[in-house]
Amino acid sequence: MLMVDGNTGVNAQQLDAVVFASKGWGLPRHFTDADVAADFFVAEALDEDGGIDEGAVWELMASGQDTFQPGALATFSARCVDAETRLKPQ
């Protein structure tokens, strides 16, 4: 999992799954507003409302613990996303 702030770009030929991305980066997202965070993230990564707690995700990553439920990355990677509507203008 790669987690960067809104000002940091990623130069990669392929990304297995994009969970968060500012619209300006033009990346297709595999985790959308229609998804339920608890279906993909471990309980320790969630906030009180069931959303993703970015601070908790950072802590899990720093400690080497998994942030995702078993099978979540495979589910994300298997999704076809509409990249054409999210491409950053050249």
Transitively linked via ILVMFWY side-chain contacts under 4.5 Å: F76 with V42?
-> no

Flag yes if L60 and L46 sit in one hydrophobic cluster, no otherwise; membership is Ile, Leu, Val, Met, Phe, Trp, Tyr, and two members link when side-chain heavy atoms are under 4.5 Å apart.
-> no

At their closest point, which heavy atom of A45 faces which heavy atom of A56, and how far apart are they?
-> CA-CB, 4.1 Å

Could you tell me which non-hydrogen atom of I52 sits nearest to which non-hydrogen atom of D47, and how far apart they are?
-> O-OD2, 4.2 Å

D53 side chain to G55 main-chain N or O, any donor-acceptor pair under 3.5 Å?
-> yes

By side chain to side chain contact (heavy atoms under 4.5 Å, CB included) - contacts of A72 (at least two apart) | F40, F68

Can you measure from CD (E59) to CD (Q65) and round to the nearest 0.5 angstrom?
-> 9.5 Å

Taken to the nearest 0.5 Å, the spacing of M61 CE from D66 CG works out to 11.5 Å

